[in-house]
*Asks:* 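I have a structure I would like to understand better, so I am pasting it below and will then ask my questions one at a time.
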Amino acid sequence: MDVPEEVGEAEEAPDAPVVPVAPFAPAAEDTTGSAEGPGRSEDLSRSAESGPSEEPAAPRPRRRGRTALLLAAAVVLGLVGGTCGGYLVQADREPTKLPPLSQPVVEQAKGEAEPLSAAEDRRLRTDGDLRKLLLPRPKGTRDAVFETGDGWMDLADLAENYEEPDEVFGDLITDEFRRGAVTGWRAGSTTSVEIQLLQFRQEQALAAVTHADDGHYWAEAKSNTRSWAIPGTGDGQAYVHDSPEREAGYLPMYSAEAHAWRGDIAMDIWIYDTKPISKQKIMDLAERQMGRL
């Protein structure tokens, strides 16, 4: 039986509620002395004077274990009973006819599919000379201030354009950088333009979109910046920075930029001028360059 066990647990529990002792008047034999001594009568007198005892302590929390075991046993019995019942019901039913595994053979179309034309096959265009996809330099413009060489940009050339080239070099290797093409020119006495097309292998990740996202991040981090979506590019954006960069001894330098991607190619455009740059100027370059991809 469980009763002796519970009683034993109640006796051993240090946190069991204390039953208050009812106050009573001292007996006559306390004046002559008893086995408990005079201290007993004094304590009882204080208890009588102080009135009712304090509220009993909160009961000990319910023990864990028994209920969980009972529930587990019920679940096991339910599963076993349900399985047996389902088997008996299914055993009395007629077998369900299944469709045959063999299917009719579809005849292969005759002839060969026509290859895509050069205008339709985007991969054919981007696998060729990447420099031919760059915007041509406008007539009447001069060579860019930076060195473009033959128009190709390798991994080391690209990394040198950043403040931490060593770190960027490793990132470009991780991003499976394949090749890059660059062009640029100067118009008038103050305007400078640079355009980059960067191609990635994208065997492990979509690095072109990641590169464009990095451009968006740094462009939006500059204060007093306006931005517009580049039509037909999804998430391509053009930016105009209305606050110029100032340095002692030099004219203030305004800038605008655009970043977008298509397939495995990322596009970056920068314009610099000593005068504020219009939205129309950066948007025109971005739309025409993306149209060539």
Side-chain angles (χ1 to χ4, degrees), residues 129-165 168 172 177 179-199 208 211-231 233 236-262 265-293:
D129 192 337
L130 195 61
R131 297 172 298 179
K132 293 182 178 180
L133 298 180
L134 289 165
L135 281 176
R137 198 172 89 178
K139 295 181 179 180
T141 57
R142 295 170 293 161
D143 292 339
V145 176
F146 57 91
E147 181 63 35
T148 59
D150 58 359
W152 287 112
M153 175 178 287
D154 60 20
L155 194 150
D157 294 335
L158 180 59
E160 287 296 328
N161 291 335
Y162 293 84
E163 295 179 355
E164 299 180 4
V168 174
L172 290 172
F177 174 78
R179 57 180 181 168
V182 59
T183 187
W185 59 83
R186 285 182 293 167
S189 59
T190 59
T191 304
S192 178
V193 176
E194 179 180 0
I195 302 176
Q196 292 180 0
L197 297 180
L198 308 179
Q199 191 171 28
H211 180 86
D213 287 342
D214 290 342
H216 299 322
Y217 174 83
W218 292 111
E220 294 169 359
K222 296 182 180 180
S223 60
N224 200 14
T225 296
R226 294 175 293 151
S227 64
W228 305 270
I230 303 174
T233 63
Q237 292 281 323
Y239 305 87
V240 169
H241 307 296
D242 293 322
S243 295
E245 296 183 6
R246 301 181 184 274
E247 189 175 349
Y250 294 90
L251 293 172
M253 184 63 66
Y254 293 86
S255 62
E257 56 189 293
H259 306 280
W261 65 280
R262 180 162 293 162
I265 296 179
M267 177 207 73
D268 300 314
I269 299 178
W270 293 273
I271 302 177
Y272 301 96
D273 204 329
T274 57
K275 302 184 296 292
I277 302 170
S278 66
K279 166 190 173 182
Q280 191 274 336
K281 181 177 290 187
I282 184 64
M283 287 290 288
D284 175 65
L285 283 178
E287 290 182 34
R288 290 194 293 121
Q289 178 59 79
M290 287 303 296
R292 296 178 65 87
L293 298 181

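For the numbers below, each heavy atom of this structure counts, side chains included, while hydrogens, waters and symmetry mates do not. Positions are given from 1, in the same order as the sequence printed here.
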*Asks:* What are the two closest non-hydrogen atoms of Arg131 and Asp150, and how far apart are they?
*Replies:*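 Heavy atoms of Arg131 and Asp150 come nearest at NH1-O, 2.8 Å.
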*Asks:* Does the side chain of Val193 come within less than 4.5 Å of Arg137's, by heavy atoms?
*Replies:*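 Of all side-chain heavy-atom pairs linking Val193 with Arg137, none is under 4.5 Å.
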*Asks:* Is it the case that over 12 heavy atoms from other parts of the model lie below 6.0 angstrom from the CH2 atom of Trp152?
*Replies:*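 Above 12, so yes.
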*Asks:* What pairs with Glu220 under side-chain hydrogen bond (donor to acceptor under 3.5 Å, both in side chains), at least two apart in sequence or on another chain?
*Replies:*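 Per chain and number, Glu220 pairs via side-chain hydrogen bond (donor to acceptor under 3.5 Å, both in side chains) with Tyr239.
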*Asks:* Between Ser278 and Val240, what is the shortest heavy-atom contact and its length?
*Replies:*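 Taking Ser278 first and Val240 second, the nearest heavy atoms are O-CG2, 4.1 Å.
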*Asks:* Is the closest side-chain heavy-atom distance between Lys222 and Glu245 below 4.5 Å?
*Replies:*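 They are in contact (side-chain heavy atoms under 4.5 Å apart), so the answer is yes.
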*Asks:* Measure the spacing between OH of Tyr272 and CD1 of Ile277 and express it to the nearest 0.5 Å.
*Replies:*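 Spacing of OH (Tyr272) from CD1 (Ile277) equals 9.0 Å.
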*Asks:* What residues, two or more places apart in sequence or in another chain, satisfy side-chain hydrogen bond (donor to acceptor under 3.5 Å, both in side chains) together with Thr183?
*Replies:*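 Here no residue qualifies.
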*Asks:* Enumerate donor-acceptor pairs with a distance under 3.5 Å from any side-chain N or O in residues 156-165 to protein atoms, sequence neighbours excluded.
*Replies:*
none

*Asks:* Using the test side-chain hydrogen bond (donor to acceptor under 3.5 Å, both in side chains), find all partners of Asp213 that sit at least two apart in sequence or belong to another chain.
*Replies:*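 For Asp213 there are no side-chain hydrogen bond (donor to acceptor under 3.5 Å, both in side chains) partners, ignoring immediate neighbours.
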*Asks:* Work out which heavy atom in Gly180 is nearest to a heavy atom in Leu198; give both atom names and the distance.
*Replies:*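 Nearest pair, atom of Gly180 first, then Leu198: CA-CD2, 4.1 Å.
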*Asks:* Given side chains that start at C-beta, do those of Leu130 and Ile265 come closer than 4.5 Å, heavy atoms only?
*Replies:*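 The answer is yes, as the side chains (C-beta and beyond) meet within the 4.5 Å cut-off.
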*Asks:* Looking at CD of Glu257 and CD of Glu194, how far apart are the two atoms once the value is rounded to the nearest 0.5 Å?
*Replies:*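 Separation between the atoms: 11.5 Å.
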*Asks:* Supply the atom-to-atom distance Leu134 CG to Ile195 CD1, rounded to the nearest 0.5 angstrom.
*Replies:*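 So the gap between those two atoms works out to 7.0 Å.
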*Asks:* Distance from Ser227 atom OG to Ile282 atom CD1, nearest 0.5 Å?
*Replies:*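 The CD1 atom of Ile282 is 12.0 Å from OG of Ser227, to the nearest 0.5 Å.
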*Asks:* Give, for atom NZ of Lys281 and atom OG1 of Thr191, the distance between the pair rounded to the nearest 0.5 Å.
*Replies:*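 It comes to 4.0 Å.
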*Asks:* Once you round to the nearest 0.5 Å, how far does CE of Met267 lie from CG of Leu133?
*Replies:*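 Answer for the CE-CG pair, Met267 versus Leu133, is 13.0 Å.
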*Asks:* Where the side chain of Arg186 meets the backbone of Asp143, is there a donor-acceptor pair that is under 3.5 Å apart?
*Replies:*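 Yes, the answer is positive, given that a donor and an acceptor are paired below the 3.5 Å cut-off.
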*Asks:* Kindly indicate whether the side chain of Leu293, heavy atoms from C-beta on, has any atom under 4.5 Å from the side chain of Trp261.
*Replies:*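 No, every pair of side-chain atoms sits at 4.5 Å or beyond.
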*Asks:* What are the two closest heavy atoms between Met283 and Ala238, and how far apart are they?
*Replies:*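 Heavy atoms only, the tightest pair is SD-CB, 3.6 Å.
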*Asks:* Determine the minimum heavy-atom distance between His211 and Ala266, stating which atoms define it.
*Replies:*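 What the structure gives for the nearest pair is CD2-CB, 3.7 Å.
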*Asks:* For Arg142, give me all partners under salt bridge (charged side-chain N to carboxylate O under 4.0 Å, His left out), at least two apart in sequence or on another chain.
*Replies:*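 For Arg142 there are no salt bridge (charged side-chain N to carboxylate O under 4.0 Å, His left out) partners, ignoring immediate neighbours.
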*Asks:* Any idea which heavy atoms bring Ser243 and Asn224 closest together, and the distance?
*Replies:*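 Residues Ser243 and Asn224, closest heavy atoms: OG-ND2, 2.9 Å.
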*Asks:* Decide yes or no for Pro136 and Arg292: does some side-chain heavy atom of the first lie under 4.5 Å from some side-chain heavy atom of the second?
*Replies:*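 With C-beta onward as the side chain, the pair touches.
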*Asks:* Is any side-chain heavy atom of His259 closer than 4.5 Å to a side-chain heavy atom of Trp270?
*Replies:*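 His259 vs Trp270: side chains touch.
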*Asks:* Which residues pass the side-chain hydrogen bond (donor to acceptor under 3.5 Å, both in side chains) test with Glu287, sequence neighbours left out?
*Replies:*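 For Glu287, no residue satisfies side-chain hydrogen bond (donor to acceptor under 3.5 Å, both in side chains) once neighbours in sequence are set aside.
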